[in-house]
Amino acid sequence: MGFLKTLEKSARNFRDERIIKPLIRSRYFQRHLYEEAGALIVELDDHRCAVSIRDQCIGKAIRQEKGWFREETMAVFEAAARRGIFVDVGANIGTQTIYALKFGGFERAICFEPHPEHLWILKANMAINDLTDRVTIMEAAAGREPGEARLFLNTLNTGASSLLHDGGSGVAVDVPVVRIEDVMADLGVSPDEIGLVWMDVEGFEGDAIAGWPSMAGLPFCVEYSPAINRLSNDVFACWKEWAVVHKDGVIWNSMPEFDISKFDRQVDFLFR
């Protein structure tokens, strides 16, 4: 059995190093990516990032500003202190996963992403940054119960696609929904192995959290927008401290002081 696993790993490494990676980095692939899929690979100082040329948010920021909230992300990694597995719920095209594995000291990552376009760009980004073997990608949304849901697509800001509301495009697709608790059990991952949970699912955070009871108390970063989120203080009762994320660092506060209703703008929270 051990020999077969070794042989399988060697074959996979040969495939990735000699076939997939050279193909992805070739001019032919990049031209095809641009012409057929509407995406391109941006060469950054210390990594590469494939982005959609149609996306006017993350894709545009990476093309023009050469990153996506990298300083804030690194501040979160520093404040969270723990390492191990990085769990990216609503991974989009994988920017935070790249930062976590290449620059944040995390050993591996588990990504949840249901958006069809995001998925193939996410996989491409893992390949062109030599991260494929360190990432498990779940092609599904995270929710309260397993099943299927309607994902409403936002064609200008693809990261704003939502399971809760139509962004105005009139385009939607059915996507699978999984409970993260079930996925972690299937993967054999215990809470002690997880260094940080990163969650951005456009208002569906409460459902994703409800589907992962053993997440309680883990270092946890979540985007909150009062316009779309359905979160209450009770959701965060299992954590002891909280902070608002800034690129210069975070200042921890005790949970009795936390009141989500006081925040009337989009903000990233960190809990531990």
Side-chain angles (χ1 to χ4, degrees), residues 13 16-17 20-21 24-25 30 39-52 55 57-113 118-138 158-159 187 189 191-201 215 218-223 241 243-252 267-272:
N13 288 341
D16 291 347
E17 295 296 331
I20 295 179
K21 289 177 184 176
I24 287 177
R25 291 169 179 167
Q30 296 199 31
L40 55 83
I41 296 176
V42 182
E43 293 283 346
L44 303 169
D45 290 340
D46 47 15
H47 67 287
R48 299 178 175 91
C49 192
V51 300
S52 167
D55 181 38
C57 189
I58 295 179
K60 183 178 180 179
I62 292 173
R63 294 196 310 271
Q64 296 183 353
E65 302 170 21
K66 307 305 180 185
W68 179 251
F69 290 95
R70 179 167 174 172
E71 291 179 323
E72 290 83 350
T73 302
M74 298 308 295
V76 169
F77 295 163
E78 182 69 25
R82 289 173 50 162
R83 292 298 181 265
I85 299 174
F86 178 73
V87 180
D88 198 351
V89 186
N92 202 293
I93 63 172
T95 50
Q96 268 59 43
T97 293
I98 293 172
Y99 296 156
L101 297 182
K102 289 189 74 72
F103 315 114
F106 291 87
E107 297 168 10
R108 58 192 180 103
I110 302 170
C111 296
F112 293 80
E113 178 54 53
H118 291 171
L119 277 169
W120 64 259
I121 299 179
L122 171 62
K123 293 175 184 177
N125 274 327
M126 297 307 105
I128 61 179
N129 287 286
D130 301 324
L131 299 174
T132 301
D133 288 344
R134 296 169 60 191
V135 180
T136 300
I137 297 175
M138 306 305 301
T158 61
L187 295 175
V189 174
D192 291 343
E193 297 177 85
I194 296 171
L196 178 66
V197 179
W198 191 284
M199 188 177 293
D200 181 2
V201 289
M215 169 194 171
L218 291 177
F220 170 48
C221 185
V222 60
E223 179 184 284
E241 294 182 295
V244 173
V245 175
H246 299 284
K247 65 180 180 180
D248 298 324
V250 305
I251 299 176
W252 291 105
V267 61
D268 290 335
F269 291 118
L270 180 61
F271 297 92
R272 69 179 183 183

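A donor-acceptor contact shorter than 3.5 Å is absent between the side chain of R134 and the backbone of A109. Side-chain atoms of E223 do not come within 3.5 Å of backbone N or O of D200 as any donor-acceptor pair.
Ring geometry, Y99 versus H47: the interplanar angle exceeds 60°, so the pair is classed perpendicular (tilted spans 30 to 60°).
F103 and F77 have their aromatic ring centers separated by at least 6.0 angstrom.
Residues that satisfy the ring-ring contact (aromatic ring centres under 6.0 Å, His included) test with F112, not counting sequence neighbours, are absent from this structure. Partners of E241 under the salt bridge (Lys or Arg N to Asp or Glu O under 4.0 Å) rule, at least two apart in sequence or in another chain, are R272. For the side chain to side chain contact (heavy atoms under 4.5 Å, CB included) test, no residue two or more places apart in sequence or in another chain qualifies with A75. In this structure, N125 has no side-chain hydrogen bond (donor to acceptor under 3.5 Å, both in side chains) partners at least two apart in sequence or on a different chain. Considering only residues two or more places apart in sequence or on other chains, T95 meets the side-chain hydrogen bond (donor to acceptor under 3.5 Å, both in side chains) condition with none of them.
Taking every heavy atom of both residues into account, V135 and C111 meet most closely at CG1-SG, 3.9 Å. When all heavy atoms of L196 and C221 are compared, the pair lying nearest together is CD1-N, 4.3 Å. The shortest non-hydrogen separation linking L122 to N92 is CB-O, 3.7 Å. The shortest heavy-atom contact between A79 and W252 is O-CZ2, 3.8 Å.
Atom CG of residue N129 and atom CD1 of residue I98 lie 4.5 Å apart, to the nearest 0.5 angstrom. Remark: Q96 CD to F106 CZ distance equals 11.5 Å, nearest 0.5 Å. Note that the CD1 atom of I137 and the NE2 atom of H118 stand 13.0 Å from one another [nearest 0.5 Å]. Taking CG from D268 and CZ from F69, the interatomic distance works out to 7.5 Å, rounded to the nearest 0.5 Å. The line from SG of C49 to NZ of K66 is 10.5 Å long, rounded to the nearest 0.5 Å. Atom OG1 of T97 and atom CG of D88 lie 3.5 Å apart (nearest 0.5 Å).
Listed by first and then second residue, the salt bridge (Lys or Arg N to Asp or Glu O under 4.0 Å) pairs involving residues 68-82 are D46-R70, E71-K247 (not counting sequence neighbours).
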**Worked check of side chain to side chain contact (heavy atoms under 4.5 Å, CB included) between I93 and W68** = CA-CA 11 Å; I93 63 172; W68 179 251; over 6 Å; no

**Request:** Step by step, work out the side chain to side chain contact (heavy atoms under 4.5 Å, CB included) result for F220 and L270.
**Result:** CA-CA 6 Å; F220 170 48; L270 180 61; 5.9 Å; no

**From CA spacing to verdict: side chain to side chain contact (heavy atoms under 4.5 Å, CB included), R108, E193** = CA-CA 10 Å; R108 58 192 180 103; E193 297 177 85; 4.1 Å; yes

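When side chains are defined from C-beta on, V244 does not count as touching V250, because their heavy atoms never get closer than 4.5 Å.
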